[in-house]
Amino acid sequence: MPKILVIEDEGVLREEIVAWLHLEGYEAFGAADGVEGVAAAFKLRPDLIICDITMPRLDGYGVLLELHSNPATATVPFIFMTARVAHDDMRHGMSLGADDYVTKPFSLVDLLQTVESRLQRKRMQEQMYQQEIEQLQKAINEEHEQRAFKAKLVAMFSHDFRNPLSSIMSSNSLLRDYYDRMDKTSRDEHFSYIDSSVRQLIQMLDDMLLVGQMDSGNLTLKSEILNVGVFFQGVVDEFRVLYRKSHEIQFECPDSLVAVGDSRLLRQIASNLISNAVKYSPQGGEIAVTVERGDSVYSLSVADQGIGIPDEELSQLFEAFRRASNVGKVRGTGLGLAIVRQAADLHEGKVEIESQLGTGTCVCVTLPTCPGNSDAEVRKVMEESGAL
Ligand code: ATP
Ligand code: MG
């Protein structure tokens, strides 16, 4: 219930106004002069003040000045009551910052209209302030989250960079010091450790750059026309070389499938999914990478026979740094699927996961053959070639 303070030295009028306001459902209080009025305003913190101008001890202007000089009462809507003859009084009052005035004698309707319109304006202002505060709060929270995110990213990468670096250093020292005493198989093994560690480092750097760009909203689609089969075959082949001893990676794709996409992002999608399939499935496991053609879309799915993902954790794994509870000692930053989701979003595509604990996981990314936000020139070439 809004609180209204009536400052008026004429007792009968004051009580009449207070009684009117009570009847209209306001909580109303009276003060018999300016000094009493200022004290009551500080004590009661009203939502609105109605104040006479001519009063003993402190007049209405004095009350207004005192209330405006205090932050606690400066924004309370202030309505002057003035005699019809005293137009200059009213002007002076408004120039001091009063919000409105009513001329005596006034009817109940006049007074209520003025009070209600001022209260409504106050409510709207409060709502606006509230919205501004919420927006500011949101911006502050986002800023905090971003800072925390970046700090986590830096900590994670500085930590994870050490492993491949030490692996490169130790293989390199072994090759340098014992090259002649090693047989070809162990030399090759160390060369491929170095190879895979360097790739890991490159992948981490790429991830970090990409996540940084995604986080700051600076990542846009650089579309080009791709032969989907040739493109994904290339990515699969890189993994086949790296994991030839531990996993069998099968690849199937319809011939002559052409699509528009950002090759850097598509590579990230494929390599993150294949790398997960390798990481989270046992040695000797089979991995099936399949591309299928749909109606103006195509899908890339990567299926493994690995550890699977607990049902209740599936939906959270697209958030950065999220990892399932069953990863055991397998290392990871928890960024791969977040990157996959964002890269698919940028292509206006979608990602779905099906998984069964202890049996395997299949992640399927469906992408439009030509995303709507592709470069105009690239779209034109696709249209002219009849691919669209
Ligand atoms: P990285 O950033 O190095 O890829 P990560 O593999 O832990 O680290 P994501 O690729 O984002 O991170 O995967 C998130 C989590 O989802 C993994 O930690 C794992 O728990 C689960 N996950 C993803 N793919 C599979 C899969 N094929 N089989 C089982 N669990 C998986
Ligand atoms: Mg991963």
Side-chain angles (χ1 to χ4, degrees), residues 149-165 167 196-215 235-236 238-239 242-243 246-251 264-290 299-345 350-365:
F149 181 82
K150 283 192 179 132
K152 216 166 169 184
L153 206 63
V154 170
M156 195 88 88
F157 279 106
S158 6
H159 176 258
D160 288 356
F161 255 57
R162 289 178 193 280
N163 283 319
L165 282 177
S167 165
S196 84
S197 302
V198 170
R199 273 169 203 282
Q200 218 178 321
L201 288 171
I202 292 173
Q203 173 80 41
M204 283 166 75
L205 274 176
D206 279 350
D207 282 1
M208 195 155 139
L209 289 174
L210 206 65
V211 169
Q213 281 176 327
M214 283 171 171
D215 200 41
V235 183
V236 168
E238 284 172 22
F239 278 90
L242 281 176
Y243 299 101
S246 60
H247 291 82
E248 196 181 318
I249 308 177
Q250 291 167 359
F251 179 64
R264 187 166 72 122
L265 296 179
L266 293 176
R267 173 175 292 278
Q268 283 282 349
I269 293 180
S271 52
N272 269 300
L273 296 185
I274 303 173
S275 123
N276 281 350
V278 170
K279 264 187 355 185
Y280 302 109
S281 63
Q283 289 233 347
E286 248 180 43
I287 293 167
V289 181
T290 317
S299 63
L300 167 78
S301 50
V302 179
D304 63 53
Q305 302 167 328
I307 59 174
I309 301 167
D311 249 358
E312 63 284 6
E313 296 177 38
L314 270 175
S315 59
Q316 300 152 15
L317 298 179
F318 292 104
E319 285 167 35
F321 304 118
R322 286 282 189 160
R323 307 195 69 212
S325 52
N326 62 334
V327 290
K329 289 198 172 133
V330 182
R331 301 183 65 85
T333 51
L335 285 174
L337 287 181
I339 291 173
V340 169
R341 161 68 66 86
Q342 294 230 33
D345 281 352
K350 61 175 182 182
V351 190
E352 289 155 306
I353 304 191
E354 271 176 32
S355 186
Q356 223 174 344
L357 265 184
T359 308
T361 301
C362 178
V363 187
C364 178
V365 181

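Atoms within each ligand, like the ligands themselves, are counted from 1 in listed order. Counting begins at 1 with the first residue of the sequence. Being a predicted model, the structure only gives us computed values, none of them experimental.
The shortest N or O to N or O distance between Ala338 and ligand 1 is not below 3.5 Å. Ligand 1 has a nitrogen or oxygen under 3.5 angstrom from a nitrogen or oxygen of Ala324. The N/O atoms of Tyr280, backbone and side chain alike, include one that comes under 3.5 Å of an N/O atom in ligand 1. Of the N or O atoms in Leu335, one or more lie within a sub-3.5 Å distance of an N or O in ligand 1.
Interface atoms of ligand 1 facing Gly334, defined by a heavy-atom separation under 4.0 Å, are 1 (P), 2 (O), 5 (P), 7 (O), 8 (O), 11 (O), 12 (O). Close approach of ligand 1 to Val327 is summarised as follows: ligand atoms under 4.0 Å from at least one heavy atom of the residue are 18 (O), 19 (C), 20 (O). Each of the following atoms of ligand 1 lies closer than 4.0 Å to a heavy atom of Thr333: 1 (P), 2 (O), 3 (O), 8 (O). For ligand 1 and Gly332, the ligand atoms under 4.0 Å from any heavy atom of the residue are 3 (O), 7 (O), 8 (O). Atoms of ligand 1 found under 4.0 Å from any heavy atom of Gly336 (numbered from 1 in listed order, with element): 1 (P), 2 (O), 4 (O), 9 (P), 10 (O), 11 (O), 12 (O). If you number the atoms of ligand 1 from 1 as listed, the ones under 4.0 Å from a heavy atom of Arg322 come out as 14 (C), 15 (C).
Under 4.0 angstrom from ligand 1, the non-hydrogen atoms of Lys279 all belong to its side chain. Within the 4.0 Å heavy-atom criterion, the part of Ile309 lying near ligand 1 is the side chain and not the backbone. By the criterion of a heavy-atom distance under 4.0 Å, the side chain of Thr361, and not its backbone, is placed next to ligand 1.
Metal site remark for the Mg ion (ligand 2): Asn276 contributes an N, O or S atom at a distance under 2.8 Å.
Under the side-chain contact (heavy atoms from CB on, under 4.5 Å) rule, Ser271 has a single partner from Ile339, Val235, Val236, which is Val235. With Asn276 as reference, Leu337 is the one residue of Val363, Ile309, Leu337 to meet the side-chain contact (heavy atoms from CB on, under 4.5 Å) rule.
Listed here is the closest heavy atom pair of Pro310 and Ala324: CD-CB, 4.2 Å. Tyr280 and Arg331 get closest at one heavy-atom pair: OH-O, 4.4 Å. The shortest heavy-atom contact between Gly336 and Asn272 is CA-OD1, 3.3 Å. Here the closest non-hydrogen pair linking Cys364 and Ser299 is SG-CB, 3.9 Å. Nearest approach of Asp206 to Gln268, heavy atoms of both residues: CB-NE2, 3.4 Å.
Looking at atom 18 (O) of ligand 1, its nearest protein heavy atom turns out to be Arg323 NE, 3.0 Å. Among protein heavy atoms, atom 23 (C) of ligand 1 sits closest to Asn276 ND2, 3.5 Å. The single protein non-hydrogen atom nearest to atom 27 (N) of ligand 1 is Asp304 OD2, 2.8 Å, given as residue, atom name and distance. Nearest to atom 16 (O) of ligand 1 among the protein's heavy atoms is Leu317 CD1, 3.3 Å.
Aromatic ring pairs are classed by plane angle as parallel below 30°, tilted from 30° to 60° and perpendicular above 60°; the pair Phe239 and Tyr243 is parallel.
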Quiz item: Step by step, would you call Leu210 with Arg264 a side-chain contact (heavy atoms from CB on, under 4.5 Å)?
Solution: CA-CA 10 Å; Leu210 206 65; Arg264 187 166 72 122; 3.7 Å; yes
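Between the side chain of Ser167 and the main chain of Ser197, no donor-acceptor pair closer than 3.5 Å is present. A donor-acceptor pair is defined here as one N or O able to donate and one able to accept, closer than 3.5 Å; such a pair exists between the side chain of Gln305 and the backbone of Glu286. Between the side chain of Asp304 and the backbone N or O of Thr361 there is at least one donor-acceptor pair closer than 3.5 Å.
The residue among Val330, Ile353, Leu337 with a heavy atom at the shortest distance from atom 13 (O) of ligand 1 is Leu337.
Proximity of Gly306 to ligand 1 is not established, as no heavy-atom distance is less than 4.0 Å.
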